[in-house]
Structures are given as C-alpha cells and as structure tokens.
Amino acid sequence: MPELPEVHNFKQYFDAAATNQVIDRVTVHDDKIIRNMSGPVFADVLTGRKITGSIRRGKYLFAQLDNGHDLLLHFGMNGDLNLYQDESDRGRFERFALHFTDGNTLGFEDSRKFARILYLEDRLDYIEQIKLGPDALELEEAYFLQQLEGRKTTLKGILLNQSVVAGLGNLYVDEICYRTRLHPASRVNAMTLEQKKLIYREILAVMQYATENAPYYRDYPENWFWHTWRHEGGQDPEGEGEVKITKVAGRTTYYVEGRQKLVE
DNA sequence: TGTGATGTTGAATG
DNA sequence: GCATTCAACATCAC
C-alpha cells in the first residue's frame, strides 16, 4: 500500500499517537520483520525510551528516540499502525506493539511480513548505506536531470529506483507516466531534455497533490487513475485511447495506448 | 485452488 | 565497479 503520500499519512498518525510518549513495555508477537536484532533485544533497547518525534524520507519513517537513536519503520506492502487502549482492539496481524506509560498502545500490523523494522544507532549512516535518494517532495531539477544521465533503463524503472528519488511506488509512477504522455517502457537515454523536465514537474505535482489531499487511494478525486483508467476495463478519463495492462520493470503496469508515446 | 499483490534486496548477468 | 534484471521473501485476498 504505502508510497510517499501514504507514509506521510502514517507519520501524521504516528506523531499524534507517539510524540512525547514513554515506552513502558514492548510486546513482540513475531520478530521476523525486525531485521537487525532479536525480539527480546528489540524490546529491551526500546523499553524506557521516550519518543521525541519522527522524520520521513521517501517511504521510510524514522521514529526518533530520546537517546539519539532511531526506530525505523518501513511499511513494506501493507504495514499499518493502530493506536488503541482496549486489548480487544488489537489487530489480527499485529507483529509488535509499544505500550506507553499513559496506558495507550501503538500496534504495528503487517499481514504479509514485508515490512522492515530496524533499531538504528545512526540514521544518517543507514541512509548512506542503503543509498536512499532525496525525498520526492524535495527533489531538485538539476539533481534529477543529472541522475538520468547515462541511464539506459526504462522510465518506470528509474522512477521506482529509491536511490534516484525516494517515495514513488508502482501506482504513482503509472500516474506520473500517464500525465507526461510517455509510455512507461520508454528509455531514459532516448528522452529529450524537455521530456525529462516534464517528468520532473509531474513528480512534484503528483506527490504534492496526493500528500495534501488524499491520504488513501480510495479518497482520490474521481478523475484520478485509481478510479478510472487503472482498473480492469477502465476508461481513459480524457478519452484518448485504450487502457492496456503490461509488465514494465517487473511490475504490473497500466497505460493508455494511443496517449502515451513510447520513446526508445 | 491458483494467482497475483501497492516493496526491497541480494544474486546473477551484462 | 556499476547498471540492470529477476527471483525470493510470507501471506492474504480474490
């Protein structure tokens, strides 16, 4: 589920639920998603810590702790947060939970276990290590154009690459391609400078709009891809062609034949 | 019942 | 060493 706008939404939820809360106790039901320590050690290092805030970069959410370390939450395909008081509100797929001293509990749910949870002593070291690119909302044109130099991969492939720009996922990339009128399988090295600049502008426009207006896919405006062309048998809202489903960069891809030009 | 899924990674390949 | 591709991860929903 979560791409940049959805993780932005998780951040709002997390900040309201956890800022200035002190962790009294940690429950770990399944430590498979905790990638750099065992469940008991994870519980131990978090117990007694106060959460001071959070930082989002792309799809990564870093929860800041009062000892200068961070708890990294990456939601994978379908991670979710759930704040509750009553144990009966615990989600079926909760993998671990932070119990705060005020009696509230913040559960991290993840049915498919694709989430990645890490306890980090140095956030910047980690970002460097995984080569995480700049957040899409803070992307600069000159940097973006420079990243595209010498690349031979597809347009979709480059936009999904989190080292180039952080935060775009499968659905929003299709929307960006739709709006640029470029076929997602277009080759980066074959595109004109004007086309690259157009892509840059649409990245920002789509991310800004989605972040400000639509926390969940289902809440998108009626003329957005989610309600129209990005569906089996969907219609191009602008009536320029036929919706096709294919695979690009290994991912299911929707585009409108006749509207989106293949540049190669 | 089989198939595909909104993400990332590490191995394999070029 | 870098760019790129692809299978694997684990489980659920349709």
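Letters A, B, ... are given to chains in the order of the sequence lines, protein chains preceding strands, and every chain is numbered from 1.
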Report task. Decide, yes or no, whether a salt bridge links A/Arg49 with A/Asp66 under the criterion of side-chain N to carboxylate O below 4.0 Å. Result -> yes

Query - A/Arg112 side chain, from C-beta outward: closest of C/dT4, B/dT8, C/dT11 - result: C/dT11

Query raised in the report: Do we get A/Arg112 above A/Phe114's six-membered ring, with its NZ or CZ under 6.0 Å from the centre and within 45° of the axis?
Result: yes

Query raised in the report: What is the pairing partner of C/dA10, taking Watson-Crick or G-U wobble pairs with both distances under 3.5 Å in any strand?
Result: none

Query raised in the report: Under 4.0 Å: is that the gap between some side-chain N or O of A/His74 and OP1 or OP2 of B/dG7?
Result: no

Query - d(CZ, A/Phe114; P, C/dA8) in whole Å - result: 12 Å

Requested in this report: Write down the distance between CZ (A/Arg95) and P (C/dC12), rounded to a whole number of angstrom.
Outcome: 7 Å

Query raised in the report: With a 4.0 Å cut-off on heavy atoms, is A/Lys131 in touch with a base, just the backbone sugar-phosphate, or nothing at all?
Result: nothing

Requested in this report: Output the single nucleotide from C/dT4, C/dC12, B/dT6 whose closest atom is nearest the side chain of A/Asn170.
Outcome: B/dT6

Report summary line: From the candidates B/dG7, C/dC12, B/dT9, the one with an atom nearest any side-chain atom of A/Met77 is B/dG7

Requested in this report: Would you tell me if any nitrogen or oxygen in the side chain of A/Gln162 comes within less than 4.0 Å of OP1 or OP2 on B/dG7?
Outcome: no

**Report entry** Between A/Tyr84 and A/Glu94: side-chain donor-acceptor atoms closer than 3.5 Å
**Finding:** yes

Report task. Can you label the angle between the A/Tyr119 ring and the A/His69 ring as parallel, tilted or perpendicular, going by 30° and 60°? Result -> perpendicular

**Report entry** Spacing of A/Ile117 atom CD1 relative to C/dC9 atom C1', expressed in whole Å
**Finding:** 16 Å

Report task. May I ask you to verify if any side-chain N or O of A/Ser111 is less than 4.0 angstrom from the OP1 or OP2 atom of C/dA13? Result -> no

Query raised in the report: Which nucleotide, C/dC9, B/dT9, B/dA5, lies nearest any side-chain atom of A/Tyr60?
Result: B/dT9

Query raised in the report: Please give, in whole Å, the distance from C/dT11 C1' to A/Lys32 NZ?
Result: 11 Å

Query - Closest to side chain of A/Glu3, choosing from B/dG7, C/dC12, B/dT9 - result: B/dG7

**Report entry** Pair A/Ser38-A/Asp31, side-chain donor/acceptor within less than 3.5 Å
**Finding:** no

Report task. Could you tell me whether A/Gly250 contacts a base, only the sugar-phosphate backbone, or nothing, with contacts defined as non-hydrogen atoms closer than 4.0 Å? Result -> nothing

Query raised in the report: Over how many whole Å does the gap from A/Ile33 atom CD1 to B/dT9 atom P extend?
Result: 15 Å

Report task. Using the six-membered ring wherever Trp is involved, compare the ring planes of A/Tyr200 and A/Phe144 and label them parallel, tilted or perpendicular (cut-offs 30° and 60°). Result -> tilted

**Report entry** Among C/dC12, C/dA10, B/dT9, the one nearest A/Lys113 by side-chain distance
**Finding:** C/dA10

**Report entry** A/Arg251 side chain near B/dG7 phosphate (N/O to OP1/OP2, under 4.0 Å)
**Finding:** yes

Query raised in the report: Given that both distances must come in under 3.5 Å, which nucleotide forms a Watson-Crick or G-U wobble pair with B/dT6?
Result: none

Query raised in the report: For residues A/Gln21 and A/Asp102, is any side-chain donor paired with an opposing acceptor at under 3.5 Å?
Result: yes

**Report entry** Rounded P spacing from C/dA7 to B/dT3 in Å
**Finding:** 16 Å

Query raised in the report: Between B/dA5 and A/Thr252, is there an OP1 or OP2 to side-chain N/O distance shorter than 4.0 Å?
Result: yes

Query raised in the report: Per the atom types in the model, does the base of C/dA3 pair as donor or acceptor with the side chain of A/Arg151 at under 3.5 Å?
Result: no

Query raised in the report: Is the distance from OP1 or OP2 of C/dT5 to the nearest side-chain N or O of A/Lys247 less than 4.0 Å?
Result: no

Query raised in the report: To the nearest angstrom, how far is A/Leu118 atom CG from B/dT8 atom P?
Result: 13 Å

Query raised in the report: How would you label the contact of A/Phe75 with the nucleic acid (heavy atoms, under 4.0 Å): base, sugar-phosphate, or nothing?
Result: nothing

Query raised in the report: For A/Phe93 and C/dT11, what is the distance between atoms CZ and C1' respectively, to the nearest whole Å?
Result: 8 Å

Requested in this report: Take the protein atom CG of A/Asn189 and the nucleotide atom P of C/dC2, then report the distance between them rounded to whole Å.
Outcome: 20 Å

